Engineer: 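To start, I am sharing the structure in question, which I have written as structure tokens.
These values consider heavy atoms only, across backbone and side chains, with no hydrogens, waters or symmetry-generated copies. Letters go in sequence order (proteins before strands), and every chain restarts at 1. Computed from a predicted model, the values in this text were never measured in an experiment.
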Amino acid sequence: MHKNMTNLEIAELLRSVAAAYELKGKGPFNRFKIGAYQKAADSIEHSTMELKDLWEEGKLDQVPGIGSAIAKYLGELFKTGKVRHFHSVMQDLPSAMFTFMQVPGIGAKIAYKLCQELKIHEEKDALKRLEELAKLGKIREIEGLGTESEAGILRNLQELKERGAARMLLPVASSIADDILVWLKKTPAVLRADPLGSLRRHVATVGDVDISVASDKPREVIEHFKNYPKKVRLIEAGPHTSSILVTGGAQVDLMVQPPVSYGALLAHFTGSKHHNIALREFALRRGLSLSEYGIKKLRTHNPELKTYRTEDEFYRELGLDWIEPELREDTGEIEASYHHKLPKLVKLEDIKGDFHLHSSFSIHTSHDEGLHNFAEMVKKAESLGYEYLGFSEHNPSQSGTTKNEVLTLLKRKKEAIEKLKSAKIHHIFNGLEVDITPNGKLALPNEAVDLLDYMIVSVHSSFRLSKSEQTKRVLAGLSHPKAKIFGHPTGRRLNKREGIELDWEKIFAFCEEHKKLLEINSWYDRLDLPDNLVREAVKRGIKMIINTDSHQLDHMELMRYGVFVARRGWAEKDDIVNTLPYIEFKEIF
DNA sequence: GCCGTTTTCGGCCCGACTGTTTTCAGTCG
């Protein structure tokens, strides 16, 4: 019995194979094979479904980038735990080289050279050994490397240790970008500046902060950028681009173009990489070549560069509708744009209520209480322009309260909410966020449920049940008629813990049949349902609700993060129930 | 090794910067 490989581990394996091919093939003839393995690895990493499950259903070939050859190898991997072909490609390569490739600036060739020359072969302690030898000046002695390379490797090793591989949460990256924008705008050479990359695409986590600048004086802009007060180190600087490291360890990349070609720069630097590649291939089939500078007509005698001030003009030149940044992941958006079938994405202004709020009204919960009372939260909801809201404190602790106490507490809560209603400030729903216990029971007596308008049911414990047990548990919890919403469905905490394992086929089918709502939780380390699962839900016509899970007033402003996730999942207004006016919304409950 | 709005063969995105090798390879996004 061999260990189940996760998508991430499979992606790693394919990247190693790509690296091996990079060393094997002398010459450019297998460049495309290398690219194919890398592309397959990326694709697997972004896959919604576990590859193993797809293989069992015979659907491996549905994953873009996986063709007959790699599908066959993966089949062997799932059956036997290893792939003979991969083994033979990698057998005479030291395993340490794949470890070295984690260090920025070290690719396949340098990694291999380091292993050979420094005689480091095993993965164990490889980085530590590399650091020791670098400090002894052994790297500069290797042909093709010098003192700069040695210093760079040492520095990058150090930074890797300090920062790790963790990506930034969206608000963190946003605030770094905001601060840099303020700095950049201090010089008149900067005519315009925008945060781009994954930040603009509103990905849940951000690797580096990317900033574009429109300017006719790029050198001045780069100089100014290099003087950013929070700069820790200059990574590189050229005529149009520069990268720095800032306090906290984040890398900031800058690109400058004159205003006449700013549209092409926006498109290029927003990415994603895969969107860019797909867009360039699309253009190439039409005899056009794209870059951050503009568009060239190929096959003409003197290919002239055409520039674009706006992204809209840039996309239009290709015969495409402008594509929302959130959609630019090469998952069908180019084709949709070509056929004028892009979704009309939900917007923050469409949201008419928040249904996951924790007030300070005490009902002896087993988890955390909110900080502010009903009236304060209602007032905040009013200021956000909402028509309705729902209070959903955690259920009372099962061990700390008797059934009668629970009933008394919840009667009191119901009365308090009734009073708010009579004040006619808002349409207020009386809910509760109820734990689904490991055996699938709800952590609330049935008589108490009768006092509520709705329940959000959530998993807050036993995250490591097997997929089938976890699925059974959740479906049992959701089967109560008043359990309308499945709260933060995967339970993931970004950079902290993986989500629970669920059979999504079954969960989706159940939600579809029984009209259950999936929550998109806006809390920025949850962003749960994740965007790729939102996309699946949208395809199946399953409705969702975007909530903040607020525990205090200012949390209620985080709704936009949930909206970002919905947009990345191609959700339109109709897919999200809390865009409905009260009259229609209340029918659901 | 993958893939198809000219193709089941013959293509495969495009450019940046660094360090070191005096003309370019390696790495990155």
Engineer: Taking the six-membered ring where the residue is Trp, are the ring centres of A:F225 and A:Y228 under 6.0 Å apart?
Structural biologist: no
Engineer: Taking the inter-plane angle between the rings of A:H85 and A:Y21 on a 0 to 90° scale, is it parallel (under 30°), tilted (30 to 60°) or perpendicular (over 60°)?
Structural biologist: tilted
Engineer: Indicate, with a heavy-atom threshold strictly under 4.0 Å, whether A:I110 touches base, sugar-phosphate, or nothing.
Structural biologist: sugar-phosphate
Engineer: Could you check A:K128 against A:E131 for salt bridge (Lys or Arg N to Asp or Glu O under 4.0 Å), going step by step and ending with a plain yes or no?
Structural biologist: CA-CA 5 Å; A:K128 208 175 121 199; A:E131 188 179 355; over 6 Å; no
Engineer: With a 4.0 Å cut-off on heavy atoms, is A:S242 in touch with a base, just the backbone sugar-phosphate, or nothing at all?
Structural biologist: nothing
Engineer: What's the gap between B:dT20 and B:dA16 when it is taken at their P atoms, as a whole Å value?
Structural biologist: 22 Å
Engineer: Is the phosphate of B:dC14 approached by A:Y293 (side-chain N or O, under 4.0 Å from OP1 or OP2)?
Structural biologist: no
Engineer: Using the closest heavy atom to pick a nucleotide of DNA chain B for each, name whichever of A:G238 or A:E150 lands nearer the 5' end.
Structural biologist: A:G238
Engineer: Scan A:I66 against the nucleic acid and name what it touches under 4.0 Å (heavy atoms): base, sugar-phosphate only, or nothing.
Structural biologist: sugar-phosphate
Engineer: Tell me what A:F269 touches on the nucleic acid: a base, only sugar-phosphate, or nothing, going by heavy atoms under 4.0 Å.
Structural biologist: nothing
Engineer: The side chain of A:E236 is closest to which nucleotide in this list: B:dG29, B:dG1, B:dT18?
Structural biologist: B:dT18
Engineer: Can you tell me the Watson-Crick or wobble partner of B:dT8, both distances under 3.5 angstrom?
Structural biologist: none
Engineer: Would you tell me if any nitrogen or oxygen in the side chain of A:Y338 comes within less than 4.0 Å of OP1 or OP2 on B:dT5?
Structural biologist: no
Engineer: How do A:G146 and A:R286 order along DNA chain B: which one's closest nucleotide is nearer the 5' end?
Structural biologist: A:R286
Engineer: Between A:T241 and B:dC17, does any side-chain N or O lie under 4.0 Å from OP1 or OP2?
Structural biologist: yes
Engineer: Under 4.0 Å, heavy atoms only, any strand: does A:Y112 hit a base, just the sugar-phosphate, or nothing?
Structural biologist: nothing
Engineer: Give one of base, sugar-phosphate or nothing for A:H275, where a contact means two heavy atoms less than 4.0 Å apart.
Structural biologist: nothing
Engineer: Suppose you measure atom C1' in B:dG1 against the same atom in B:dT6; what distance do you get, rounded to whole Å?
Structural biologist: 23 Å
Engineer: Could you tell me whether the phosphate oxygens of B:dT18, OP1 or OP2, come under 4.0 Å of any side-chain nitrogen or oxygen in A:S149?
Structural biologist: no
Engineer: Students often get this wrong, so: under 4.0 angstrom with heavy atoms, is A:E143 touching a base, only sugar-phosphate, or nothing?
Structural biologist: nothing
Engineer: With under 30° as parallel and over 60° as perpendicular, where do the rings of A:Y293 and A:H240 fit, or are they tilted in between?
Structural biologist: perpendicular
Engineer: Side chain of A:A69: nearest nucleotide among B:dC2, B:dA16, B:dC13?
Structural biologist: B:dC2
Engineer: Regarding A:A40, tell me which of base, sugar-phosphate or nothing describes its non-hydrogen contacts under 4.0 Å with the strands shown.
Structural biologist: nothing
Engineer: So A:L145, base contact, sugar-phosphate only, or nothing? Heavy-atom distance under 4.0 Å.
Structural biologist: sugar-phosphate
Engineer: Between B:dT5, B:dC13, B:dG1, which one does the side chain of A:R280 approach most closely?
Structural biologist: B:dC13
Engineer: Heavy atoms only, 4.0 Å cut-off, all strands: where does A:S272 land among base, sugar-phosphate and nothing?
Structural biologist: nothing
Engineer: Quick one: is A:K109 getting a side-chain N or O under 4.0 Å of the B:dG26 phosphate, OP1 or OP2?
Structural biologist: yes
Engineer: Using a heavy-atom cut-off of under 4.0 Å over every strand shown, decide if A:A283 touches base, sugar-phosphate, or nothing.
Structural biologist: nothing
Engineer: For B:dC14, take OP1 and OP2 only and decide whether either is under 4.0 Å from a side-chain N or O of A:S289.
Structural biologist: yes
